[in-house]
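Remember, it's 1-based here, ligands and their atoms both numbered in the order they're listed. For the single chain, residues carry numbers from 1 onward in sequence order. The figures here come from the full heavy-atom set of this structure, side chains too, leaving out hydrogens, waters and symmetry mates. Every value quoted in this text rests on a predicted model; they were computed, and no experiment measured them.
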Amino acid sequence: MLDYDREADRYDATRGGDARAASAAAAVRALLPADTARLADLACGTGIVTVRLREPGRQVIGIDLSSGMARIAGTRLPGRIAIGDVTRLPLADASVDAVVMVWLLHLMNESASAVALTEAARVLRPGGTLLTTVDKNDAVFAAGGDVTALIEPVRAAHAAPGTDATGRVTDLAGRLGLTVTAHGAFPGTGQGRSPRWWRERLSGGAFAWAEAAGDDLTALCERLRELPDQDRPRPDPVYRLIRLTARSGGGR
Ligand SMILES: C[S@@+](CC[C@H](N)C(=O)[O-])C[C@H]1O[C@@H](n2cnc3c(N)ncnc32)[C@H](O)[C@@H]1O
């Protein structure tokens with residue numbers, strides 16, 4: 001996983017900044033029940049989305065593993081941010097109405113992501129709400145246009161399925177007593193990248209599947225180099241969210 005302590009100072013500027021955060025927060029808010037009074041944003045990062053989830057009568061907290069990210073989040077939500085691991089949440093059972101996880105599960109391996117979902121289910125009250133992004137990397141490569149049309153077949157041949165795949169998350173959550181009750185989406189404003197950006201990342205080791213692609217990667221980078229407008233960003237991806245609702249009352 002990326003070193004988020006080192007990434008912290010440039011995170012907002014390189015992930016679409018306020019525009020992306022506003023879109024993500026709007027999509028989350030649209031799926032949150034109106035009576036959400038206690039909300040935990042897990043893997044809150046710099047808090048750029050978290051801060052937009054506040055409203056009168058709602059207590060919002062953020063938790064992140066990276067002290068660098070949490071430090072910035074703390075400037076946005078003083079006293080409301082904790083350093084913590086989503087696989088061992090520092091929260092009591094059934095203590096929140098809603099858990100939010102934006103761009104987290106795809107970063108985790110199979111066992112850690114399953115534990116994160118188990119922890120989310122543990123801290124939710126009966127009838128509570130879990131909102132999570134799903135299929136994050138699929139969205140990146142389904143954005144349309146010449147760049148992703150070249151990359152996607154190579155990725156599909158070499159990449160493992162995402163740990164945030166909708167089917168997987170839905171199955172795991174189902175075993176924890178959570179049912180899908182709604183879907184949402186938000187544009188990844190500023191996340192569409194240029195051919196040159198992709199060539200540099202793909203050949204620079206930023207993607208494990210690209211490392212495994214061997215000659216296919218070499219050929220892909222050559223084809224990317226032949227595209228016009230090497231520095232023009234291509235279409236932004238559209239990211240997807242699901243809402244999962246915990247059983248009301250009774251055990252899991
Ligand atoms: C892509 S960022 C997303 C941040 C934020 N949700 C947003 O949308 O801007 C992923 C975040 O997950 C955090 N993270 C990764 N693994 C974690 C874990 N096990 N527990 C808590 N946070 C974690 C990272 O430190 C990073 O801040």
Side-chain angles (χ1 to χ4, degrees), residues 1-32 39-54 60-77 80-91 96 98-123 130-140 162-164 169 172 184-191 193 201 206-207 236-242:
M1 191 186 303
L2 195 62
D3 181 343
Y4 280 99
D5 284 338
R6 292 185 60 183
E7 194 69 5
D9 284 334
R10 44 178 252 122
Y11 180 86
D12 290 348
T14 53
R15 305 304 196 283
D18 288 323
R20 189 282 300 188
S23 304
V28 167
R29 294 171 72 100
L31 297 180
L32 277 176
L39 181 152
D41 186 17
L42 306 186
C44 64
T46 61
I48 194 167
V49 176
T50 326
V51 71
R52 292 174 159 86
L53 303 178
R54 291 182 306 181
V60 173
I61 60 166
I63 294 174
D64 201 282
L65 192 56
S66 156
S67 55
M69 298 290 269
R71 175 181 50 77
I72 296 174
T75 64
R76 290 190 162 110
L77 294 107
R80 297 283 172 199
I81 303 297
I83 296 172
D85 190 330
V86 297
T87 64
R88 280 175 298 153
L89 284 175
L91 298 173
V96 299
V99 164
V100 174
M101 303 192 300
V102 174
W103 289 355
L104 169 67
L105 293 177
H106 72 288
L107 298 172
M108 308 181 82
N109 65 29
E110 289 198 3
S111 60
S113 55
V115 175
L117 285 169
T118 305
E119 278 292 87
R122 177 182 68 76
V123 303
L130 168 59
L131 298 180
T132 180
T133 46
V134 286
D135 304 317
K136 198 261 184 183
N137 288 335
D138 290 346
V140 172
T163 48
D164 67 340
V169 173
L172 288 169
F186 63 93
T189 311
Q191 298 295 290
R193 307 298 189 184
R201 295 308 187 287
F207 298 92
D236 288 334
V238 175
Y239 296 107
R240 296 184 45 236
L241 281 167
I242 56 174

Approximate separation, where rounding is to 0.5 Å, of Thr163 OG1 and Met108 CE: 8.5 Å
Numbered atoms of ligand 1 (with element) below 4.0 Å of Leu107, judged on heavy atoms: 10 (C)
For ligand 1, the portion of Thr87 having any non-hydrogen atom under 4.0 Å away: neither
Element-labelled atoms of ligand 1 that are located less than 4.0 Å from some non-hydrogen atom of Arg20: 7 (C), 8 (O), 9 (O)
Nearest non-hydrogen protein atom, atom 19 (N) of ligand 1: Asp85 OD1, 2.9 Å
Closest approach of Asp5 to Gly68 (non-hydrogen atoms, all atoms of both residues): OD1-N, 2.9 Å
Interatomic spacing from OG1 in Thr50 to CD1 in Ile61 - rounded to 0.5 Å: 10.5 Å
Lys/Arg-Asp/Glu bridge criterion (N-O < 4.0 Å) met for Asp18, Arg52: yes
Enumerated ligand 1 atoms positioned under 4.0 Å from heavy atoms of Gly84: 20 (N), 21 (C)
CG-CG distance between Leu91 and Leu42, expressed to the nearest 0.5 angstrom: 7.5 Å
Option whose closest heavy atom lies nearest to atom 6 (N) of ligand 1, chosen from Gly45, Ala43, Ala82: Ala43
Short N or O distance, Val102 and ligand 1, threshold 3.5 Å exclusive: yes
Any N or O of Tyr4 closer than 3.5 Å to N or O of ligand 1: no
Side chain, backbone, both or neither: Glu119 near ligand 1, heavy atoms under 4.0 Å: neither
Within reach of ligand 1, part of Met1 (heavy-atom separation under 4.0 Å): side chain
Minimum heavy-atom distance between Gly45 and Asp64, given as atom pair plus value: N-OD2, 2.8 Å
Close-contact set for ligand 1 against Ser66 heavy atoms, below 4.0 Å: 25 (O)
Straight-line distance of Asp12 CG to Arg20 CZ, nearest 0.5 Å: 8.0 Å
Ligand 1 versus Cys44: contacting region, heavy-atom distance under 4.0 Å: backbone
Leu131 side, atom CG; Asp41 side, atom CG - distance, nearest 0.5 Å: 10.0 Å
Nitrogen or oxygen of Val86 less than 3.5 angstrom from that of ligand 1: yes
Side-chain touch Leu2/Tyr11, heavy atoms, less than 4.5 angstrom: no
Nearest candidate to atom 13 (C) of ligand 1, where distance is taken over non-hydrogen atoms, out of Ile83, Leu65, Asp64, Leu89: Asp64
Gap between atom CD of Gln191 and atom CZ of Arg15 - 0.5 Å precision: 7.0 Å
Numbered atoms of ligand 1 (with element) below 4.0 Å of Tyr11, judged on heavy atoms: 1 (C), 2 (S), 3 (C), 4 (C), 7 (C), 9 (O)
